[in-house]
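Below, chains carry the letters A, B, ... as their sequence lines are ordered, and counting in each starts from 1. What you see is a predicted model; the values in this text were computed from it and never measured.
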There are 2 protein chains.
Amino acid sequence: MARSARAVAYEVLQRGIASGEYPPGSWLREEDVAAAAGVSRTPVREALHRLQAEGLVQILRNRGAVVVGWTARDLDDIYDLRVLLEGYGVRRAAQARENVDFDGLRAMCTEMELLLPGAAEPELQRIGGLCIDFHVTLNQASQNRQLIAIIPTLLATPFVREAFHHHTHHDLERAFAFHREILEALEEGDGEWAEGVMRAHLRAGRRSLRQMEQEQRTSDVGDPGRASA
Amino acid sequence: MARSARAVAYEVLQRGIASGEYPPGSWLREEDVAAAAGVSRTPVREALHRLQAEGLVQILRNRGAVVVGWTARDLDDIYDLRVLLEGYGVRRAAQARENVDFDGLRAMCTEMELLLPGAAEPELQRIGGLCIDFHVTLNQASQNRQLIAIIPTLLATPFVREAFHHHTHHDLERAFAFHREILEALEEGDGEWAEGVMRAHLRAGRRSLRQMEQEQRTSDVGDPGRASA
DNA sequence: AAACCCCTGATTGGATACAAGCGATGATCT
DNA sequence: AGATCATCGCTTGTATCCAATCAGGGGTTT
């Protein structure tokens, strides 16, 4: 078990934020997080800085880190960028098929499809992870270093990480079909096709999340966390 | 002078990398950098992590940080993304003109234009900084948090930071004209126009940098730094 | 002679100790 | 009473210290 303390702290924070243990607007005190993660403050600080880079927390000088809140606008913003960047990513991937890990990608597709029938919480969690991996792997084939660095950051946002939780069975089936079609387009080397499917896939995903956002909003207490200063 | 030690370390590293003091492939030992910056290792570590996030260095576990090298492909990759993202950014800005800091942007334009005639090294440096500020400010008007976080990272790459150094007088004049035209389009609220100008601006900029890359390549010792593992 | 293994030096990863800064509370003054 | 200012406590920022880990060199073995 050679996991670094920083990785432990990072995961504790990420899970805590995603699960609602650290709700938007709450302060993350280094000492507390360190105790919760069983490490010292040093790796916690590094994890917090990384989370700030990912936009999950905001660090105020000499005051600490606060969990940022997410609005429906943020969801739109993220998906705008995903459409642009991932569309570009698969277009580039289609132009360099030799970089595409078809075997790995197909394996992910298959596993997701097998998990879907009778999808309980743990399976859904696994599907969500696989879906993120799928997109990350896809973009790696673009061979664009900057893009490869940006995509995981975008996919680390709670919206994306928790997306599987808010999709219907039908949504997921459609998403999986899109995944397969993207691979098909890539095998053909048809970048336009691949990009089109990707854009459709992401737009559809955004639509599902938006609907659920609206439903949840009725029983919501407002927007406690969006720090603006 | 309330500058944090981390900021000092970060700037020392960034300057050192840009200036060639730390050439691609060289190792950045925390102790040495700490001594050079006049701080302790702790803030140096944090600065190195930030530079890794920006893609300027690569940190190998238990082995340290190595300066990454940049190839002509990286230049193309970065500008591909800039075209996509900054194009989107100004399009969005045109849809929300009230967020655009026209006064500030115009002031930057004016200062750049005034500095240009008789441009010695320090003036060019200032122009480069202003140009980056101009683009950052522009993208802030998009109000897309993720975009606002990504753009400075892209503009932190040596290619962009040193770009002014490799543009001809004529290149800069053209760039400044593009800047003015972008503002004009934004005032009209014409997102298509603004995006088109931005894309042209960036394509032209890339072209200039590419040419200079090729010229320099003749007297170059190869590619020592592009760490791939 | 070549390959392997252990040992050592150097460097990072992490923990602790100390200093500095911010915010809140409470006293004082108007 | 309201506002202002100083003080105190809590939290972060930085420095230093110790432990873990990797690379390289030298010796041994086959």
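- Residue-environment remark: CZ (B/Arg106) exceeds the threshold of 12 foreign heavy atoms within 6.0 Å.
- Counting only distance, with no hydrogens or angles, the side chain of A/Glu111 and the backbone of A/Met108 share no donor-acceptor pair below 3.5 Å.
- Atom CD1 in A/Ile59 sits roughly 7 Å away from atom P in D/dG13 (whole-Å rounding).
- The backbone N or O of A/Asp76 lies less than 3.5 Å from a partner atom in the side chain of A/Arg206, making a donor-acceptor pair.
- Legend: residues meeting ring pair (Phe, Tyr, Trp, His ring centres under 6.0 Å) with B/Phe176, ordered by chain and number and at least two apart, are absent.
- Here D/dC10 presents its C1' atom at 16 Å from CG of A/Leu60, a figure rounded to the nearest Å.
- B/Arg63 forms no cation-pi arrangement with B/Trp27, by the criterion of a distance under 6.0 Å to the ring centre and an angle within 45° of the ring axis.
- Residues A/Leu155 and A/Arg161 share a closest heavy-atom pair of O-CG, 3.5 Å.
- Between the OH atom of A/Tyr10 and the P atom of C/dG13 there is a distance of 18 Å, rounded to whole Å.
- Note: A/Ile151 CD1 to A/Ile132 CD1 = 11.5 Å, rounded to the nearest 0.5 Å.
- Scanning for ring pair (Phe, Tyr, Trp, His ring centres under 6.0 Å) contacts around B/Tyr88 gives an empty result, with sequence neighbours left out.
- Contacts between residues 31-50 of chain B and DNA chain D, counted as heavy-atom distances below 4.0 Å, involve B/Val39, B/Ser40, B/Arg41, B/Thr42, B/Pro43.
- A side-chain N or O of A/Thr71 and one of A/Asp74 form a donor-acceptor pair less than 3.5 Å apart.
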Side-chain donor/acceptor pairs under 3.5 Å, residues 38-49 of chain B, sequence neighbours excluded:
| residue | atom | partner | partner atom | Å |
| --- | --- | --- | --- | --- |
| B/Ser40 | OG | B/Thr42 | N | 3.4 |
| B/Arg41 | NE | B/Glu30 | OE1 | 2.9 |
| B/Arg41 | NH2 | B/Glu30 | OE1 | 3.0 |
| B/Arg45 | NE | A/Glu46 | OE2 | 3.4 |
| B/Arg45 | NH2 | A/Glu46 | OE2 | 3.0 |
| B/Glu46 | OE1 | B/Arg6 | NE | 3.0 |
| B/Glu46 | OE2 | A/Arg45 | NE | 3.2 |
| B/Glu46 | OE2 | A/Arg45 | NH2 | 3.2 |

Pull out every protein N or O sitting under 3.5 Å from an N or O of nucleotides 5-11 of chain C, one pair per line with the distance.
| residue | atom | partner | partner atom | Å |
| --- | --- | --- | --- | --- |
| C/dT11 | OP1 | B/Arg29 | NH1 | 2.4 |

Distances under 3.5 Å between protein N/O atoms and the N/O atoms of nucleotides 5-8 of chain D, please, pair by pair.
none

